[in-house]
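Heads up, the thing below is written out as structure tokens.
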Amino acid sequence: MVHSPAVSLAPEWLVVPEDPNALAPTVWPASAHRDAGDAISIGGVSAIELVRTHGTPLLVLDEAEVRARARAFTDSFTAAASAHGTTAKVYYAGKAFLSTAVARWVTEEGLNVDVCSRGELEVALAAGVDPSRIGFHGNNKSVSEIERAVQIGIGTIIVDSAVEIERIAAAAARAGVVQRVLVRVNSGVHAETHDFLATAHEDQKFGMTFADAEIAVARIREAPGMEFIGLHCHIGSQIFGVAGFRESASRVLELHQRLLAGGAIPLLNLGGGFGIAYTSVDDPTPIEQLASEIVAAVADGCAELGMSIPQLAFEPGRAIVGPAGVTLYEVGTTKDVRLDSGASRLYVSVDGGMSDNPRAALYGAQYSARLASRAGTDAPALARVVGMHCESGDIVVDHEYLPADVEPGDLLAVPATGAYCISLSSNYNHVPRPPVVAVSNGRSRVIVRGESIDDLLARDAGISTNEGAR
Ligand code: LLP
């Protein structure tokens, strides 16, 4: 029986599930299911065994899911491009989550890698990624970052400001190379997503206006150590549908055409931003459809402008790694909070929170959750999964129906946590960051070690054993 308090605290979009133990296929990795004992199994390994081996909290990444999604992106964009007489390159946006294992998986599946800091670049290099397959992003690349990128023979640098052009020119001259560059423009399209996730509306820090880009391209073209290979535009993240991509592409193509007067432009990079399902009500467009509609829009735009379609590039991050990740927590306390209105909410506290997943706190992101160590037996109760941090905004899953018998000691799984969780994680409240384990064919292996208390203490210069360490 479903609880129906006088006033419900549930948001309108949240549906009372018929079965609060069911795993929505759009939200969970394809391999996820309940095993004979009703524990959730991912990549052939049960949540109970994963936690016995690696503890909680734990980010579990399904290798086959990452690889399949990487393949789906290259296959779909390659097929769509070839239908319009061109080719497409896919870069994995490492900011979503980068480790050497993930860099190897995606490059083995044919992707290139996009990095946006020295640290991400070094991880990709440590993974053995061919530097020519790396694109370097960022609105404030330092002189030394640019120097390093040019020295190692990075494939492309995506220029974000005029200042950077001179830095690249100087680095290329010192290295005696010609550096291939793109120019990032701001198409002015405001993607329908959280304000902080939209990157191409006018008043923000990324990219150049079309007028500034024209000046920048002219400067690059006359500089000896640089080759201009195309424009770049990224309109935002967690975008559903193709309307924003279509509009942005059509605006950028007009600039592309104007710039053709100064020489050939082989490439157009339309960035990433493809949305995923975080809860069962999210309905992202399938990758194949996205690819064919976006590429068709570019082809139409080129035809209207009377020019041939350039080679295309895309930079998905979240859509490759997000749905492959499941975070496992242990429930520590539960509390039924009953309000004067008669409404109530079950607070379920877990042993992680905004330190391993700050997205609810940062963006009001919604997630879903399921009991992972067993199936619950009671009817669904409106729950809020919260972390263990000293902050009331420390929410992991804002609204979810969980079996009312959820209790301390249960394992709880939060799906769709592969992207922008570990990469945004912190040590708030001196909480160590969790390990990341890859699961595949019934086995698990650590791909990023969890932090220990010793790791935390090691950075404190006031502890006697660390004194003079720096
Ligand atoms: N390319 C560029 C130039 C980007 O800035 C980004 C993301 C991507 C590609 C990949 O976007 P994706 O396909 O992953 O949506 N922390 C936020 C997301 C920030 C995205 C930053 N740029 C979040 O947790 O939602």
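Basis for what follows: all heavy atoms, side chains included, without hydrogens, waters or symmetry-related copies. The model shown is predicted, which means the values in this text are computed figures rather than measured ones. Counting starts at 1 for both ligands and their atoms, in listed order. We're numbering straight along the sequence, starting at 1.
Proximity of I158 to ligand 1, defined as any heavy-atom pair under 4.0 Å, is not found for any part of the residue. Under 4.0 angstrom from ligand 1, the non-hydrogen atoms of R318 come from both its backbone and its side chain. Proximity of F206 to ligand 1, defined as any heavy-atom pair under 4.0 Å, is not found for any part of the residue.
To the nearest 0.5 angstrom, E214 atom CD is 9.0 Å from T209 atom OG1. For the atom pair L312 CG and L267 CG, the distance stands at 7.5 Å (nearest 0.5 Å).
In summary, the atoms of ligand 1 found under 4.0 Å from a heavy atom of E315, numbered by their order in the structure, are 1 (N), 2 (C), 3 (C), 8 (C), 9 (C), 10 (C), 13 (O). Counting the atoms of ligand 1 from 1 in the order shown, those under 4.0 Å from a heavy atom of R359 are 23 (C), 24 (O), 25 (O). Interface atoms of ligand 1 facing G272, defined by a heavy-atom separation under 4.0 Å, are 9 (C), 13 (O). Counting the atoms of ligand 1 from 1 in the order shown, those under 4.0 Å from a heavy atom of A93 are 8 (C), 9 (C), 10 (C). Taking a cut-off of under 4.0 Å to the non-hydrogen atoms of L424, the atoms of ligand 1 that pass are 16 (N), 24 (O). The G317 neighbourhood of ligand 1 comprises atoms 12 (P), 13 (O), 14 (O), with distances under 4.0 Å to a heavy atom of that residue. For ligand 1, the atoms lying closer than 4.0 Å to a non-hydrogen atom of H137 are 3 (C).
When T156, T107, V115 are each tested for a side chain to side chain contact (heavy atoms under 4.5 Å, CB included) with I134, only one passes: V115.
Remark: R445 engages E63 in a salt bridge, criterion side-chain N to carboxylate O under 4.0 Å. The pair R174-E147 meets the salt-bridge criterion, with a side-chain N (NZ, NE, NH1 or NH2) lying under 4.0 Å from an Asp/Glu carboxylate O. Look at E145 and R118 and you find no salt bridge, because none of the NZ, NE, NH1 or NH2 atoms lies under 4.0 Å from a carboxylate O. Between R219 and E166 there is a salt bridge, with a side-chain nitrogen of the basic residue lying less than 4.0 Å from a carboxylate oxygen of the acidic one.
Looking only at atom types and distance, the side chain of Y329 has a donor-acceptor partner in the side chain of D356 under 3.5 Å away. Residues N357 and T417 have side chains that never bring a donor and an acceptor to within less than 3.5 angstrom of each other.
Within the 4.0 Å heavy-atom shell around ligand 1 one does not find A96. Note on ligand 1: G273 sits in its first shell, one or more heavy atoms being nearer than 4.0 Å.
Within the 6.0 Å centre-distance limit, the rings of H232 and H137 are counted as a close aromatic pair.
Taking distance alone, with nitrogen or oxygen atoms compared against 3.5 Å, P316 stays at or beyond that limit from ligand 1. Taking distance alone, with nitrogen or oxygen atoms compared against 3.5 Å, R184 stays at or beyond that limit from ligand 1. Note: an N/O pair closer than 3.5 Å links Y420 and ligand 1 by distance alone.
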